[in-house]
Amino acid sequence: MNNKSKVRVRFAPSPTGSLHIGGARTALFNWLFARHEKGTFILRIEDTDRERSTEEFTKSIMDGMKWLGFDWDEGPYHQTDRMGLYREHVDRLMKEGKAYRCYCSAEELETKRQAMLAAGQKPKYDGKCRDRKDQPEGPYTIRLKAPLTGITAIDDICRGHIEFENKELDDLIIARSDGTPTYNFTVVVDDVTMNITHVIRGDDHLNNTPRQVLIYEAFDYPVPVFAHLPMIFGADKKKLSKRHGATAVTEYQAMGYLPEAVVNYLARLGWSYKDQEIFSLEEMIEKFDLNVVGKSPSVFDTEKLGWVNGQHLAKYSDERVAEMVIPFLKGLGLEVNDIKYAAKAIASERERGRTLKELAEISAFYFRDHIDHDLNAATKWLGEKGKEVLRTLRDGLSKLPDLSEPEVAKVFEAVIAETGLKMLDVAQPVRVAMTGTTVSPGIYLVLSILGRKRVLERLDKAIAY
RNA sequence: GCUCCCAUCGUCUAGCGGCCUAGGACAUUGCCCUCUCAAGGCAAAGACCGCGGGUUCGAAUCCCGCUGGGAGCGCCA
């Protein structure tokens, strides 16, 4: 096996923000492809924008990747560590006459750009310095001497064959007047020197691709295989942004989503396998195929994410779920001392919550010292009639040494037989007394979990409401 | 404005010329279960496959045009 045939892919975020949903999906498809092909997944930090790049964001991106489970085999490489390499490449193009100095000022270029736009034309560099022979003093940028005619074509795994007319392109700047290289240039140099075989990225880069191909060709370097992934939109079909709510993967972590659920959901945005919706990480790796990825953008749907999360959550043991929920209970200011109690309590609510946070919220009543009764619930069920029921029940329950479900059931049945009330009219006041609301798991179960002491306390409090 | 990309139920998607009276999933509605709410089970509704032309015995599937949406056109990445 030679290195050339082995798949090498990279995820190359710029640390100007934390890892967001769109970036995570790009990372995911790269990672899945690498793992499926038994190739190498590389993390590269594109931090040449020194104004906006920060260490915090770099760390945050890596934390997000780790949380999602995207382990990388190489890196993180930082572009800022590779400036010498870019410099050499620029020099080489200069030496070979494939690049030239451009003395046009940023202001001058901007004016021309506006003028062309106003004239209804595509703003392109006019080639003013392309053939100038002198080398005056003063700042200059370096531009690629791109072909004026012909066609640059790419064969994209997702999009197929795409042709661009070279006359639509212009001589792009590859080095700024301060000597630093620009994005399109660094990507190519990095991808070549890192032996990247497949460039998998968002389709917002599709229009950059022919420019990059021109750079590969200027160096006579082999062009990698491209795969441009469709974007992810918000409900308004606009590119996902903060306006659409949570976009950072850390926010999903904080909302109590499981990483494998987020990954599963993201994978199904653009990719599919038969009629299957739920995949384990291993299954995704096994079944993932870039050729199957669709072309059209997809809308991010939190509802479905929630369902997927619930499906994954269902696979864990009660104990494991409790472990995961406890930090969220702490987030609500609730301390958990008895782990076995917590496991039973949370288990009783399992199918009622889709996220760990929801589970913590609906299980919270088990851990509170004092129950606040919801006004509507109390008004409806803790009237004189309800309280009478509670008093009768209290008599029965207080005689039990401990509250097992069957024993509790007997007490309820006795009360029903004695009073002629319907189960609903007995259960609801108790439910309000125990939880403060009209919604909870089966009432016998709730009582048995809470235990005699808490139950009697809560009954007393409700009776005194 | 110019260039490139995209277009199947509200949403995610299956479909790659006849198996489609277009399948599945989320969401929605109804029923069952039932002490509430869920979960689960069953069922329904929901897409004249963006529109218009072709090609073909036959098109959601191929071709062209149109419309709509998106992206790019930076000394940002």
Side-chain angles (χ1 to χ4, degrees), chain A residues 12-16 46-49 51-53 79 102 104-106 109-110 113 116-124 139-143 156 158-160 162-165 167-170 172-184 186-187 202-211 228 230-231 233 235 237-239 265 268-278 292 294-308 310 314 349-354 362 377 381 412 416 422-428 430-432 435 437-444 446:
Chain A
S14 69
T16 53
E46 308 217 322
D47 54 357
T48 51
D49 183 350
E51 301 284 302
R52 298 190 299 147
S53 298
Q79 291 191 319
C102 171
C104 300
S105 71
L109 293 171
E110 183 55 25
R113 191 184 346 270
M116 294 188 85
L117 230 28
Q121 291 177 310
K122 185 175 189 168
K124 288 190 309 189
Y140 60 85
T141 60
I142 293 177
R143 287 182 186 270
D156 192 283
C158 297
R159 305 310 171 97
I162 304 169
E163 296 190 345
F164 298 85
E165 301 248 20
K167 66 172 193 253
E168 294 296 337
L169 277 18
D170 62 0
L172 76 158
I173 291 175
I174 58 177
R176 305 183 182 94
S177 46
D178 65 1
T180 58
T182 57
Y183 168 73
N184 283 115
T186 58
V187 193
D203 76 7
D204 46 344
H205 288 282
L206 194 52
N207 286 296
N208 283 327
T209 308
R211 299 170 170 289
H228 286 95
M231 307 262 80
F233 287 163
K237 310 227 175 192
K238 296 268 197 289
K239 188 172 169 178
Y265 176 72
R268 281 286 289 100
L269 249 33
W271 174 75
S272 63
Y273 179 79
K274 299 186 176 171
D275 282 340
Q276 191 170 342
E277 295 288 349
I278 303 301
V292 176
K295 305 167 190 230
S296 50
S298 36
V299 174
F300 189 83
D301 180 10
T302 313
E303 278 298 329
K304 184 153 182 186
L305 205 211
W307 176 78
V308 172
E349 291 281 10
R350 283 190 65 155
E351 66 269 14
R352 253 161 294 264
R354 295 176 136 189
I362 58 182
W381 298 105
F412 272 67
I416 287 169
K422 284 185 298 191
M423 180 62 191
L424 180 72
D425 297 308
V426 180
Q428 286 304 71
V430 182
R431 201 172 329 261
V432 176
T435 72
T437 72
T438 56
V439 176
S440 86
I443 195 64
Y444 304 156
V446 169

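What's counted below: heavy atoms across the whole structure, side chains too, no hydrogens, waters or symmetry copies. In the text below, chain A, chain B and the rest are named by the order of the sequence lines, each starting its count at 1.
Ring-plane geometry between F300(A) and Y265(A) is classed as perpendicular, the angle between the planes exceeding 60 degrees on a 0 to 90 degree scale with a lower cut at 30.
Residue contacts for I443(A): at a heavy-atom cut-off of 4.0 Å it reaches a base atom on one of the strands shown. Within the nucleic acid shown, S105(A) comes within 4.0 Å of at least one base atom, counting heavy atoms only. Note on T141(A): a base of the nucleic acid sits closer than 4.0 angstrom, heavy atoms only. Among the heavy atoms of the strands, none lies under 4.0 Å from S53(A). At a threshold of 4.0 angstrom between heavy atoms, the contacts of P230(A) with the nucleic acid are absent. Looking at heavy-atom distances under 4.0 Å, E303(A) makes contact with sugar-phosphate atoms alone, never a base. C158(A) comes within 4.0 angstrom of no nucleic acid atom, judged by non-hydrogen atoms across all strands. Counting non-hydrogen atoms under 4.0 angstrom, G270(A) reaches the backbone sugars and phosphates but no base. Within the 4.0 angstrom heavy-atom criterion, no nucleotide atom of any strand lies near H228(A). Within the 4.0 angstrom heavy-atom criterion, no nucleotide atom of any strand lies near R350(A).
Between the side chain of T182(A) and the main chain of I173(A), a donor-acceptor pair closer than 3.5 Å is present. The backbone N or O of G353(A) lies less than 3.5 Å from no partner atom in the side chain of R350(A), so there is not a single donor-acceptor pair.
Under the 4.5 Å side-chain criterion, counting only non-hydrogen atoms from C-beta, Q79(A) is not in contact with Y183(A). Contact check for W381(A) versus D425(A): side-chain heavy atoms found under the 4.5 Å cut-off. With a 4.5 Å cut-off on side-chain heavy atoms, K422(A) and Q428(A) do not count as touching. Between R159(A) and D203(A) the shortest side-chain heavy-atom distance falls below 4.5 Å. The side-chain heavy atoms of K295(A) and C158(A), taken from C-beta on, include no pair separated by under 4.5 Å. Side-chain contact check for V446(A) versus R431(A): every heavy-atom pair is 4.5 Å or farther apart.
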Which atom pairs link the protein and nucleotides 30-33 of chain B when you take only N or O atoms and keep those under 3.5 Å?
none

What's touching nucleotides 38-44 of chain B from the protein side, N or O pairs under 3.5 Å?
from   : atom 1 : to      : atom 2 : distance (Å)
A38(B) : O2'    : E351(A) : O      : 2.4

Can you tabulate the close N/O pairs, meaning under 3.5 Å, that link protein atoms to atoms of nucleotides 22-24 of chain B?
from   : atom 1 : to      : atom 2 : distance (Å)
G24(B) : N2     : E277(A) : OE2    : 3.0

Collect all protein-nucleotide pairs involving nucleotides 3-5 of chain B in which both atoms are nitrogen or oxygen and the distance is under 3.5 Å.
from  : atom 1 : to      : atom 2 : distance (Å)
U3(B) : O4'    : K122(A) : NZ     : 3.4
C5(B) : O2'    : R159(A) : NH1    : 2.1

What protein N or O atoms touch nucleotides 66-69 of chain B N or O atoms at under 3.5 angstrom, if any, and at what distances?
none

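Atom NE2 of H228(A) and atom CG of N208(A) lie 8.0 Å apart (nearest 0.5 Å). To the nearest 0.5 angstrom, R113(A) atom CZ is 13.5 Å from K122(A) atom NZ. Interatomic distance, R211(A) CZ to E168(A) CD, rounded to the nearest 0.5 Å: 10.5 Å.
C9(B) and G15(B): their C1' atoms are spaced 14 Å apart (whole Å). Distance noted for atom C1' between C12(B) and C51(B): 25 Å (whole Å). Taking atom P in both A7(B) and C64(B), the straight-line distance is 14 Å, to the nearest Å. Of the C1' atoms belonging to A22(B) and A60(B), the separation is 8 Å, rounded to the nearest Å. For the P atom pair drawn from G50(B) and C6(B), the interatomic distance equals 14 Å after rounding to whole Å. G24(B) and A14(B) have their P atoms separated by 15 Å, with the value rounded to a whole Å. With both ends at atom P, the span from C49(B) to A59(B) equals 12 Å, rounded to whole Å. Atom C1' of A47(B) sits at a distance of 6 Å from the matching atom of U8(B), rounded to the whole Å.
Base pairing of A71(B) is made with U3(B), judged by Watson-Crick or G-U wobble geometry with both donor-acceptor distances under 3.5 Å. In a base pair of the Watson-Crick type (N1 to N3 plus N6-O4 or O6-N4) or a G-U wobble (N1-O2 and O6-N3), with each distance short of 3.5 Å, A39(B) is matched with no nucleotide.
In this model, a side-chain donor or acceptor of S177(A) finds a partner on the base of C75(B) within 3.5 Å. Applying the 3.5 Å distance criterion, the base of C35(B) shares a donor-acceptor pair with the side chain of R431(A). Taking 3.5 Å as the limit, the base of A77(B) and the side chain of N208(A) contain a donor-acceptor pair of atoms between them.
Residue S298(A) has no polar side-chain atom (N or O) positioned under 4.0 Å from OP1 or OP2 of U11(B).
Both Q428(A) and S296(A) lie near RNA chain B, and the one whose nearest nucleotide falls closer to the 5' end is S296(A). Two residues, C102(A) and D301(A), neighbour RNA chain B, and the one matched to the more 5' nucleotide by heavy-atom proximity is D301(A).
With hydrogens and angles left out, the side-chain atoms of D178(A) and T180(A) include a donor and acceptor closer than 3.5 Å.
With sequence neighbours excluded, the residues that form a side chain to side chain donor-acceptor pair (under 3.5 Å) with S14(A) are T16(A).
D156(A) approaches L206(A) most closely through the heavy-atom pair OD2-CD1, 4.3 Å.
The distance from atom CZ of R113(A) to atom P of G72(B) is 15 Å, rounded to the nearest whole Å.
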